[in-house]
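Given the structure is predicted, the values throughout are model-derived calculations rather than measurements. All values below were derived from every heavy atom in this structure, side-chain atoms included, with hydrogens, water molecules and symmetry-related copies excluded.
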Amino acid sequence: LKAGYADVHEQVLNMSTMQNKNVGTYCLYMLVTLRALLVVSVEDFGFGCPGMLNSTCFRNPGFAFSNESSAADCCLRCKESEDCVSWTYIRRQATATYDRSTVSRGNCHLKATIPHSEDNVTCEDGYSSVVRAPQPPPPVPVPPSGAQNVVLLVVDDLRPELGGGTAYNQSQVQTPNIDRFAATALTFTQAYCQFSHCSPSRNSFLSGRSPQTTGVYNFIDDFREPGHGMNWTTLPQFFKRAGYTTVGGGKIFHPNKPRDNDMPFSWDNYYFANGDDKGCRENETIYNNVCPSAEDDDAFYDYQLAVLAARQIIASKSLGRPFFVGAGLRRPHRVWHVPKRFYDLYDNNGSNPIDMKLAAYPFGPSGMPELAYITNAWPSFSYNQSVPIPDQIAALGRWGYYAATSFTDHNIGIILQAIAADDYVFNNTIVLLTGDHGWELGEHGEWCKRTNFEIGLRVPLMIRSPFHKHSSYGQWTPHFFDLLDVYRTLVGLAYAGVPPAKIPVIESTVEGQDLSRVFADVGGTRASPLKNVSFSQMARCPAPGTLGPNSACNEVQRRDIKYMGYSVRVAGWRYTAWIEFNGTANRGIWRPTSASNSPDILSMSAGNRHRFAFPDFLQEELYSHVGMHNKTFMILRCGIWVTMALPTMPWMRMKIRTWLVIPSMPPCAKSYLACWTTDSTPHRCDFLQRQEIRFPMLVEDSIAGLESWKNEYPSRI
């Protein structure tokens, strides 16, 4: 039928010059008839869809979705699309063996790849086939001369409590290799993640999109969701498309989020599986997750990863083009199962550490909202923000965490030694070391992560850029840096010595800022920073009728997430608003308070008084970090200092905001918060871009206003 259709079609075209129009008309009739027969035969018998499989679904990602009346229609739609290689049609949307969130997008799924064998699954009333071989990839471009290599080191759960040789200056933690690395890197002492949890954070900064944009808040979703970020270009994928060799190993992306470590999109090769150690051995466990081990180094996942990463760096030099090597180390993520000699770096009696420094303020801030606090999986007994865990257990937790951090330092040293062993590689390779989020060791009654507190969001960030050797090596800066800025900044650094016309273009939808200019002028950007604010957020899913503290969202569908905390960090202050969340629409629910009902909300601007309506937030927090020396990471020893618990009466909250919050924050800080959650595009909230739409609230009369407020409510201040 297909051959006949094509033959008749050709005859009709040839007959356009024939005098016998009746013959032409007859052949045109045949053409139309055969076209109809072709459609019917496909629908009834599967002709034209070679190898169509009944009761079969392909689980490889899709790029387009629609609702079609039959498998034949779905097949034809795939054949009509140049990008479609395979397809799956689901007759009933209640199919349990196929991803329901995907089925809800439509019953016809067009896919750009041939499914792997494990993607071929049995599913009731499913139909699938491969219609063509995928298009050959475009020729690999040749990177321009001067393009730098990149090594990306991502450490799981590493907080910026690093040794005395770093800008963090925490001498109680033994990290000699990272200390030496700091002497050849620029350290950003105020770097923050956008979500204090593994998968959401990694989906964010590796895709170059905020969690609000990716919609990833737990371990269910990922940015490669069909119809969402399927066509986004990730950070390693950008370099791959630019002609780099890209290889990854370990936990760079969260396991299976996206699937298969985003192969083949992001990597030419994944040299070491995204796995982990087996955990504590029973005869070595001192306490839950605290287990000094007698095993040799090569028995541990991170050591094996470091050795292979070092080999990849050495091997990549011989390829004749720049390389991007990623390594994701697991420790100090629990469990703290590492060789015993790293426990012995810290004074101990064999079963307990001696004179271990603990959190100076192990209680929740006064007046802390319920949604701000969450219970985590360690330790394994009840505790809360008012009743911290016993000091002995807290000391064991810190001992395990510090020992694991020192083991990770050892493994990072193996990778750094491979780079330093070759002068060309050392002088032409950017190295970025960071963690995926912060970590709490008893501060304000918290253990682990998943908070909007400073310590839960703050990450270590050290970058060696050989092109900026003379201006950045051994330097530190309090300049704000979001993990969301990693994408654009790494590209800026890698092509710092390349003419602008030869630099590949980054997708316009990639968020964050290029902060590579900081490396050329560390001092100047302190005085005139390129950014003045950091954004983060955290989801909460408490039990019905409560606001916490059992409020993890790990396995909660996005549509069922009820609350979101949006946090803004500016110089000296952190402000967080907890609001209701519409998970289906992936948006915060804002309930503005009428200005006419708030007579106390007035501000001065050029002699004119303006009324302003603040959103009516569910719960909110304001913390002062004024005077805290971020270079020494004093926040860890001092705990978090809360200015005050904001009163519950809306008009009083607004008055506090007018005279207390605003004088100490940039005038557009509130505008930043609104932009972050309503535009869903935080990169548009850049300080310079938002000047013209800042809130109509200035602070010329702030001192007098604050004094007036203190006199009126002395018991509250």
Side-chain angles (χ1 to χ4, degrees), residues 155-166 168-179 276-297 299-303 329-362 376-381 383 388-413 435 437-449 455-456 460 633 635-637 639:
V155 183
D156 212 355
D157 293 357
L158 182 67
R159 74 189 205 161
E161 190 177 10
L162 301 172
T166 70
Y168 307 108
N169 194 27
Q170 298 297 293
S171 58
Q172 72 273 17
V173 183
Q174 303 300 307
T175 55
N177 293 290
I178 296 177
D179 289 6
D276 201 352
D277 293 317
K278 294 180 180 179
C280 294
R281 298 193 299 182
E282 185 175 350
N283 63 336
E284 294 176 337
T285 301
I286 294 175
Y287 181 73
N288 182 13
N289 289 181
V290 181
C291 43
S293 178
E295 295 178 278
D296 294 333
D297 287 7
F300 293 89
Y301 177 89
D302 277 354
Y303 176 82
L329 294 101
R330 275 287 190 169
R331 306 280 84 81
H333 189 291
R334 294 180 297 112
V335 297
W336 301 307
H337 174 230
V338 300
K340 182 177 181 296
R341 74 178 186 278
F342 295 100
Y343 276 87
D344 289 341
L345 292 175
Y346 304 89
D347 290 342
N348 69 89
N349 61 13
S351 58
N352 285 282
I354 298 173
D355 296 329
M356 177 66 68
K357 290 184 179 180
L358 303 180
Y361 192 75
N376 282 293
W378 195 95
S380 54
F381 59 82
Y383 65 96
I389 69 174
D391 286 353
Q392 181 184 1
I393 303 300
L396 286 170
R398 287 197 170 229
W399 188 25
Y401 184 90
Y402 291 164
T405 298
S406 295
F407 182 48
T408 286
D409 173 82
H410 171 72
N411 293 318
I412 287 174
H437 48 70
W439 186 266
E440 286 146 322
L441 292 173
E443 293 86 8
H444 39 75
E446 285 283 10
W447 287 85
C448 301
K449 47 197 171 187
I455 300 173
F633 205 33
I635 186 69
L636 271 178
R637 296 199 295 269

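The existence of a salt bridge linking D276 and R331 is confirmed by a sub-4.0 Å separation between a basic side-chain nitrogen and an acidic carboxylate oxygen. Under the 4.0 Å criterion applied to side-chain N and carboxylate O atoms, R159 and E443 are assigned as salt-bridge partners. A salt bridge is defined here as a Lys NZ or Arg NE, NH1 or NH2 lying under 4.0 Å from an Asp or Glu carboxylate O, and D277 with R330 fails to meet this definition. The residues D156 and K449 are annotated as not salt-bridged, no charged nitrogen and carboxylate oxygen being separated by less than 4.0 angstrom.
A donor-acceptor distance shorter than 3.5 angstrom exists from the side chain of Y383 to the backbone of W378, with no hydrogens or angles considered. In this structure a side-chain-to-backbone donor-acceptor pair under 3.5 Å is present from Q170 to Y168. Proximity of a side-chain donor or acceptor of Y346 to a complementary backbone N or O of I354 within less than 3.5 Å is not detected. Distance alone, capped at 3.5 Å, places no donor-acceptor pair between the T405 side chain and the P332 backbone.
When each of Q174, K357, E161 is paired with Y402, the side chain to side chain donor-acceptor pair (under 3.5 Å) condition holds for E161 and for no other.
By the neighbour-count criterion of 12 heavy atoms within 6.0 Å, atom CG of N349 is densely surrounded, having more than that number from other residues, nucleotides or ligands.
In terms of heavy atoms, R334 sits closest to A377 at NH2-CB, 3.7 Å. For H437 against D157, the heavy-atom pair with the smallest separation is CE1-OD1, 2.6 Å. Taking each heavy atom of Y287 and P379 in turn, the nearest pair found is OH-CB, 3.5 Å. Summarising the geometry of W336 relative to A404, their closest heavy-atom pair is CD1-CB, 3.7 Å, with the distance given to 0.1 Å. Residue D302 comes nearest to F407 through the heavy atom pair CB-CE2, 4.4 Å, listed as atom of the first residue, atom of the second, then distance. Here the closest heavy-atom approach between residue P388 and residue P362 is recorded as CB-O, 3.5 Å.
Taking SG of C448 as the reference point, atom NE2 of H333 lies at 8.5 Å (rounded to 0.5 Å). We find the CD1-CD1 distance between I412 and I178 to be 4.0 Å, quoted to the nearest 0.5 Å. Atom CG of residue D179 and atom CG of residue N169 lie 9.5 Å apart, to the nearest 0.5 angstrom.
Residues E284 and S293 bring a donor and an acceptor atom of their side chains to less than 3.5 Å of each other.
Under the 4.5 Å side-chain criterion, counting only non-hydrogen atoms from C-beta, L158 is not in contact with T408. Looking only at side-chain heavy atoms (C-beta outward), I286 and W399 come within less than 4.5 Å of each other. By the 4.5 Å heavy-atom criterion applied to side chains, H337 and E295 are counted as neighbours. The side-chain heavy atoms of L441 and W447, taken from C-beta on, include a pair separated by under 4.5 Å. Residues Q172 and R398 fail the side-chain proximity criterion, which asks for heavy atoms closer than 4.5 Å. Within the 4.5 Å cutoff, no side-chain heavy atoms of F342 are placed close to those of D409.
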(message) D296 vs Y303, test: side chain to side chain contact (heavy atoms under 4.5 Å, CB included). Steps then yes/no.
(response) CA-CA 10 Å; D296 294 333; Y303 176 82; over 6 Å; no
(request) Determine, step by step, whether N376 and E440 satisfy the side chain to side chain contact (heavy atoms under 4.5 Å, CB included) criterion, reporting the C-alpha distance in whole Å, the side-chain angles of both residues, the deciding distance to 0.1 Å, and the verdict. (result) CA-CA 11 Å; N376 282 293; E440 286 146 322; 5.8 Å; no
